[in-house]
Amino acid sequence: MIARIAWIASITLALCLACAAGAQSSSAQPSQSATQKAAPQQPWMNPSLDPDTRADLMIHEMTLDEKIQFVHGLGWGVLRAGASVPPADNGGAGFVPGIPRLNLPDINLADSAVGVRMGAREGRYSTLLPSVLAISASWDPQAACLFGSVIGRELRAQGYNMSIGGGMDLIREPRNGRNFEYSSEDPILAGTMVGQLVRGVQSNHIMGDIKHYVLNDQETGRNVLNAVLDPRSLRETDLLAFQIAIASAHPVGVMCSYNRVNGDYACENDYTLNQVLKRDWGFKGFVLSDWGGTHSTVKATLAGLDMDQPGDDGYFSEPLKRAVLDGQVPEGRLDDKVHRIVRSMFSSGVIDDPPVRGVVNPFQGREDAKKIEEESAVLLENNGILPLATGKVRSVAVIGGHADVGILSGGGSAQVDAPGGNAINPEPGISPWGRAIYFPSSPLEYVRKEAGPDTNVVYDAGTDLAQAAKAAAGAQVAIVFVTQWMSEGRDAPTLSLPDNQDALVAAVAAANPNTIVVLETGGPVTMPWARSVKGILESWYPGIGGGQAIAAILFGRVNPSGKLPVTFPASDSQLPHATITGLTEQMMNPRRGAGATARDPANRPRIRPQPFDVDYNVEGMAVGYRWFQEKNEQPLFPFGFGLSYTHFAYSNLKVNPDAKSVSFDLRNTGARAGDEITEVYVMLPASAGEPFRKLAAWKRVSVGAGATQTVEIPIDPLYLSIYSTANDAWSRPAGDFLIEVGGSSADLPLRQVLHLAAR
Ligand code: NOJ
């Protein structure tokens, strides 16, 4: 027990260091006890050697068959009914058997985007964190690191040694079903936050990864679509996000995506894998395919794919061995694949300090999830109604969104099993694919607690509009919960809320002037009723502490401080692609029934569409808020926007003569303490050909009521540069740079023009 407490303390210490700016979590040092356990007779088990040397020493002893064995998984395992499950498989998404005679452990990979997936199968509990998009709304790198560390801690306790979370694709398509697994439409915010998340995972001596590399920006036709984007825009947007995360977190894995990128499949794309990832960025880890994303043996291997998952296609087993033997694949390339995998196991600590199955602490996870949600919820509208005063509001009607029992979670491979089953229909066991799953964190219950014993709080399901309006009319305040369920495998056909919920809000708002809307959505939605309600809180998918966090914000015990990591458009027609490319009527309404099983769900399209192009050159570099600037369109709520229960004033901007940093004064002009996310944007000289301001830096700052703080924010020179495809390099153009500072991309009170030389 004492050893266990000491171990937890050492992990906590490692976490604090990993989350601190500048720390390197990738070169995890084994704990002392783990070092003592190592078998020194095998030279590679000597932890004082570097990971590359240790890998080389081990690979020298490997047979050809052993090398082949270590570059692919053993099939779909628990993911697919009828697939065999090897005895040592821990029950996750992937399994690679180790080589005991060499002390090389198995690799057990678990989906873990917002918590560890597939716990219920073995009676295990995992914490459901808020969505990745939510954590990005905190703009707090430390909170992102905490998020990752919860995942790493629970993977370890469940006996996994590799996470396959780290969703990183840019939000080019706001209707993408997986946006809740992704971070932002801005590459710098996305790269920074996901990088910190992976640092948190790896600080637990767990291998982390980022995915889906690259341009897997919509689910519709993901296996057949060809994403088309000019190389400069690609470098400055989607690839930049990965570049930043890789430089900061050194994830050991990068998962290539299903789609094609400018012609070649992402998992056999020499440009993105060999030239960019491995050559230009010096990535030392390994590339693994998305599940079923490998399409060849020789081409994929030579283009840079290292590991095939789940491996049932056989590309990297016998055919790879034959290709090595007949010289189509140099043996050195096979050694390179194995080296990358084994050195990653040494560098992450999973060999010296292997996970030991234990028990997850659900209370600690819930507390962490609540704290993260409190930082991430975004107050979008407050027409004098919030915060509600505890003990003073006489009656509240809570309406819709299953707010009586729980909060919504996202589906697909990010689905965490709900404890006790779906809260709206409790039935213990695995949370099935294809259904909206609610977790037991009841907003109604916590609203009752926050409101106090003298407040009458009633609930109405919101399914009958007249009934809901009646409940609203009978209360002093109406709080409507609206939901948008999103999942891997499907996109939302429009930005509108599903299931007639716009009409529900309109009916409630018409019945009660004090209406507040709480959103639980995977990403942006339109709100035709936005100006007729008094308050709007975006809680995203708020995680297992969600009910509590939402109520604490509504009643002002927590001052909201999140800001949008993604633009909320006013309508679909404002988007670069007014409809989702390739989304047909048939795909939206797939055949149901015949042949459907729990793992082959009834609502997953079982049609394989013809290949098609998605033309991202329409917007190119102008992703998200940049597009809105370029087209002079007014969004519903802009990127970087979010309200607080206090107000902030900006003054006194000073820009370092070489634009290395900015400083300014931030005054909290309100009556309560609060956090402000201060944002720095830059517009490059006209010669750069980028006619929009771009986020260049930010800082989340806590300021007491009435206090003033001088805030200094460094700016990375890379973010003032453009990518030249002719020179294959980044450089800063010469000319006038406009630097702007404020609290939202659309509210930047401080500005200065700076003339800079080329660099
Ligand atoms: C496919 C998903 O795209 C990927 O994110 C996931 O990790 C694998 N399936 C394994 O479940």
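In each ligand, atom 1 is the first atom listed, and ligand 1 is the first ligand listed.
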Test item: Glu181 side-chain N/O and Ala113 main-chain N/O as donor-acceptor pair under 3.5 Å:
no
Kindly tell me which protein residues have any non-hydrogen atom under 4.0 angstrom away from an atom of ligand 1, grouped by chain and ordered by number?
Leu79, Ala93, Asp111, Arg117, Ile164, Arg178, Lys211, His212, Arg222, Met255, Tyr258, Asp290, Trp291, Ser413, Glu488
Please check this pair: side chain of Arg340 against backbone of Gly285, looking for a donor-acceptor N/O pair closer than 3.5 Å.
yes
Can a donor-acceptor pair be found between the side chains of Thr127 and Arg153 at a distance below 3.5 Å?
no
Is Pro174 close to Val525 at the side-chain level, that is, under 4.5 Å between some pair of heavy atoms?
no
Check step by step if salt bridge (Lys or Arg N to Asp or Glu O under 4.0 Å) holds for Lys299 and Asp264.
CA-CA 10 Å; Lys299 182 174 179 185; Asp264 280 330; 2.8 Å; yes
Can you tell me if Asn226 uses its side chain to pair, donor with acceptor, with the backbone of Asn262 under 3.5 Å?
yes
